[in-house]
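Okay, so here's the structure we're looking at.
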Amino acid sequence: MFDTILIANRGEIACRVMKTAQVMGLRCVAVYSDADAGAMHVAMADAAVHIGGPAPADSYLRGDAIIAAALASGAQAIHPGYGFLSENPEFVEAVEAAGLTFIGPSASAIRKMGLKDAAKALMEKAGVPVVPGYHGERQEPDFLAGEADQIGYPVLIKAVAGGGGKGMRLVERPEDFAEALKSAQSEARTAFGNPAVLIEKYVTKPRHIEVQVFGDGTRAVHLFERDCSLQRRHQKVIEEAPAPGMTEEMRQAMGAAAVRAAEAIGYSGAGTIEFIVDGSDGLRPDGFWFMEMNTRLQVEHPVTEAITGVDLVEWQLRVAAGEPLPVRQEDLSITGHAFEARLYAEDVPKGFLPATGRLTHLAFPESARADTGVRAGDEISPWYDPMISKVITHGPTRAIALKRLARALEETQVAGTVTNLAFLGALARHEGFAAGDVDTGLIARDIDALTDTPEVPAPVIAQAALVALGLDGKPAWDQGFHLWAPAWRTVTLDWTGEARDLRVMVRGPGSALVDVDGLVVEALWQDGWQLDGTAAAPAARSGDTITIFAHHGISIRVIDPLARDAAAGAGAGVIEAPMPGLVRAVLAKPGQQVTAGDRLAVLEAMKMEHALTAARDGVVAEVLVTEGQQVEAGAPLIRLEDEAEAAA
Ligand code: ADP
Ligand code: ADP
Ligand code: MG
């Protein structure tokens with residue numbers, strides 16, 4: 001076994017790998033960018049090496065700097081985590097050329113699975129069912145359109161070099177094919193430097209079911225399946241294991257196909273074979289097809305660990321150190337059911353817009369496994385994935401594991417940035433999901449209900465008023481404004497986007513009334529505040545923001561009445577970059593008339609594209625950026641003026 005390893009990653013996965021490695025007695029070396037000098041993975045490591053600037057290309061993607069750090073710190077092996085260099089065969093070769101061990105598959109295995117078309121051809125040969133379609137070399141539009149006709153609509157166009165749902169287009173009708181092909185190819189060219197596509201039959205009521213495999217270079221075993229059908233824009237949101245409705249017959253067929261796939265390429269280490277499953281008529285052994293293989297540890301690996309009791313990182317380290325597979329297939333079995341929810345800093349109603357910010361408060365319940373790479377006080381920076389944590393629960397049955405997930409999400413406390421916590425909570429309580437009726441369209445179909453923000457209850461607002469006045473702690477006898485002459489006092493809060501005045505009267509220690517828009521809430525102290533009879537939720541205040549940890553976190557701003565009017569009147573005339581990023585497209589032209597909601601530019605940041613739209617009607621006065629330009633957060637991109645101004 002190694003005595004020192006370097007982890008070529010950051011955040012949650014770097015911490016996850018170190019956790020196991022340190023328990024095994026290994027010394028762990030972290031690498032970090034300028035943006036991560038104070039990050040959790042650096043604090044956790046036994047040693048840390050600075051490798052460059054905050055942009056991934058200047059640090060976490062710099063194979064040479066990482067290998068130099070490993071050699072300088074006495075590491076014998078490099079764990080790549082996921083993302084970044086984890087599926088880069090040239091990096092694997094460079095690691096090995098430096099005399100180090102890559103904790104993962106061989107460069108040749110990664111290469112064989114690197115492009116979706118070649119991987120499909122290879123899998124077909126190995127007897128693994130693949131999605132019907134065209135995955136040959138020809139790329140002429142007319143030829144591909146002909147293939148699409150033969151496959152039968154709907155079809156899916158996929159970038160052969162694709163990943164993260166990019167370069168993919170669903171085409172429902174032949175007349176839309178040419179246009180979709182063009183846009184898929186151009187997206188693939190910019191994102192992957194390779195415009196080649198393949199055409200696939202679009203499976204109806206698709207379910208994404210993947211199989212965890214583990215190989216030692218010759219032999220492989222599978223650790224059952226995970227269902228990752230709860231997706232938004234082809235990206236996973238909640239994963240579970242095993243798959244609901246799975247039959248023993250189909251599990252065996254999928255497991256055997258996955259092992260065949262791994263053994264066909266001499267796979268070593270942890271990998272995932274992703275299948276698309278036709279869920280329109282229940283699960284059947286002939287209704288699954290190979291989509292792609294991810295040649296690394298997957299984000300959602302903890303659900304497999306929860307149901308098998310295997311520590312996949314421990315296995316990765318042991319197999320990389322030359323040990324054979326720790327178990328035989330027949331030694332593996334499933335215990336209970338597990339879920340994982342991905343908690344992100346993102347604004348779900350705004351189209352899952354990634355957010356940034358300093359986490360002023362962060363706490364997870366003891367009852368769930370929380371894999372995180374941040375602590376309270378840390379920043380979700382614009383440079384990387386905005387993941388805050390993964391919340392994982394396990395239970396003897398699916399229903400119990402899901403209830404535990406819903407409860408764990410209710411007890412998770414985050415303040416300082418917008419998150420998808422309420423959305424995850426709504427999913428965990430979704431009836432169809434609870435019934436196991438999942439497919440990849442579920443989120444898009446029910447997005448309105450899942451993002452419905454209920455009105456903030458008056459007791460929560462009343463509690464915030466107490467916090468705002470510093471009255472939330474244990475009351476003292478000298479507390480109150482006029483102990484012997486109760487009087488109303490005003491506090492201004494904003495919980496709807498609009499400042500509202502509330503009135504608070506302290507009647508004596510431990511007794512107050514809060515008037516919320518005419519609704520009077522009674523606050524009584526009984527070993528803690530009770531608001532109209534319900535116990536106050538935990539709360540945190542940071543600057544002028546109060547977060548009440550009820551209903552997945554309600555953020556309320558305290559308004560200084562003097563500052564209130566100064567802010568009013570600022571027009572939405574300038575469209576600014578909401579985060580640092582690359583200007584992908586400029587759609588607005590000077591002099592153009594636009595209406596509120598029109599797309600003006602497209603910004604790429606945090607692995608996603610964001611359309612920037614006009615906040616109001618007007619005329620484009622100035623376009624301040626060009627395509628391909630890198631911009632800072634807050635940079636002015638486009639200036640609008642009113643029609644009257646434009647005419648003058
Ligand atoms: P999965 O299929 O397991 O959901 P993806 O292939 O979509 O994973 O992405 C792999 C992971 O790479 C992401 O979930 C993310 O955490 C990590 N990552 C984070 N930042 C970056 C980055 N800037 N570039 C590449 N990968 C990143
Ligand atoms: P990526 O490399 O971007 O992860 P995948 O090939 O794994 O691309 O596909 C991503 C997602 O797109 C899948 O999880 C699934 O939701 C959907 N998808 C892919 N292929 C099909 C198909 N043939 N029919 C229906 N949905 C599909
Ligand atoms: Mg995939």
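Counting convention: from 1, in listed order, for ligands and their atoms alike.
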Answer yes or no: is there an ion pair linking Glu305 with Arg369, defined by an N-O contact shorter than 4.0 Å? yes
Suppose I only count heavy atoms of Lys201 and a 4.0 Å limit; which atoms of ligand 2 are within that range? 22 (C), 23 (N), 24 (N)
Ligand-residue contact atoms, ligand 2 with Glu292, heavy atoms, under 4.0 Å: 1 (P), 2 (O), 4 (O), 5 (P), 7 (O), 8 (O)
Between Glu93 and Arg111 (salt bridge meaning N to carboxylate O under 4.0 Å), is one present in this structure? yes
Is the positively charged end of Arg296 above the ring of Phe102, judged by distance under 6.0 angstrom from the centroid and angle within 45° of the axis? no
Closer than 4.0 Å to some heavy atom of His208 - which atoms of ligand 2 meet that? 13 (C), 14 (O)
Salt bridge or not between Glu292 and Lys158? Use side-chain N to carboxylate O under 4.0 Å. no
Going by the order shown, which atoms of ligand 2 are within less than 4.0 Å of some heavy atom of Val131? 23 (N)
Per-atom contacts of ligand 2 with Gly165, taking only distances under 4.0 Å to non-hydrogen atoms: 1 (P), 3 (O)
Which distance, rounded to the nearest 0.5 Å, do you find between the CG of Asp385 and the CD1 of Ile380? 9.5 Å
Please could you name the atoms of ligand 2 that Thr440 approaches to less than 4.0 Å, counting only its heavy atoms? 16 (O)
Run the contact test for Lys236 against ligand 2 with a 4.0 Å cut-off on heavy atoms, strictly below, and give the result. no
Check ligand 2 against Gly162 and write out every atom of the ligand that is under 4.0 Å from a heavy-atom position of the residue. 2 (O)
Looking at Met291, Lys120, Lys116, His234, the heavy atom closest to atom 8 (O) of ligand 2 belongs to Lys116
Does ligand 2 have an atom under 4.0 Å from some heavy atom of Gln235? no
Per residue Glu274, nearest N, O or S atom to the Mg ion (ligand 3) is named OE1
Quick one: which ligand 2 atoms are inside 4.0 Å of a heavy atom on Lys158? 6 (O), 19 (C), 20 (N)
Trace of the side-chain contact (heavy atoms from CB on, under 4.5 Å) decision for Glu340 with His301: CA-CA 9 Å; Glu340 172 186 281; His301 74 276; over 6 Å; no
Restricting to heavy atoms, the pick from Leu156, Val130, Val203 nearest atom 21 (C) of ligand 2 would be Leu156
With a 3.5 Å cut-off and sequence neighbours excluded, list the donor-acceptor pairs that the side chains of residues 258-273 form with protein atoms.
residue: Arg260; atom: NE; partner: Ala126; partner atom: O; Å: 3.4
residue: Arg260; atom: NH2; partner: Gly127; partner atom: O; Å: 2.9
residue: Glu263; atom: OE2; partner: Ala220; partner atom: N; Å: 2.8
residue: Tyr267; atom: OH; partner: Ala270; partner atom: O; Å: 2.8
residue: Thr272; atom: OG1; partner: Arg226; partner atom: NH2; Å: 2.9

Quick one: do Lys166 and Glu604 make a salt bridge, cutoff under 4.0 Å? yes
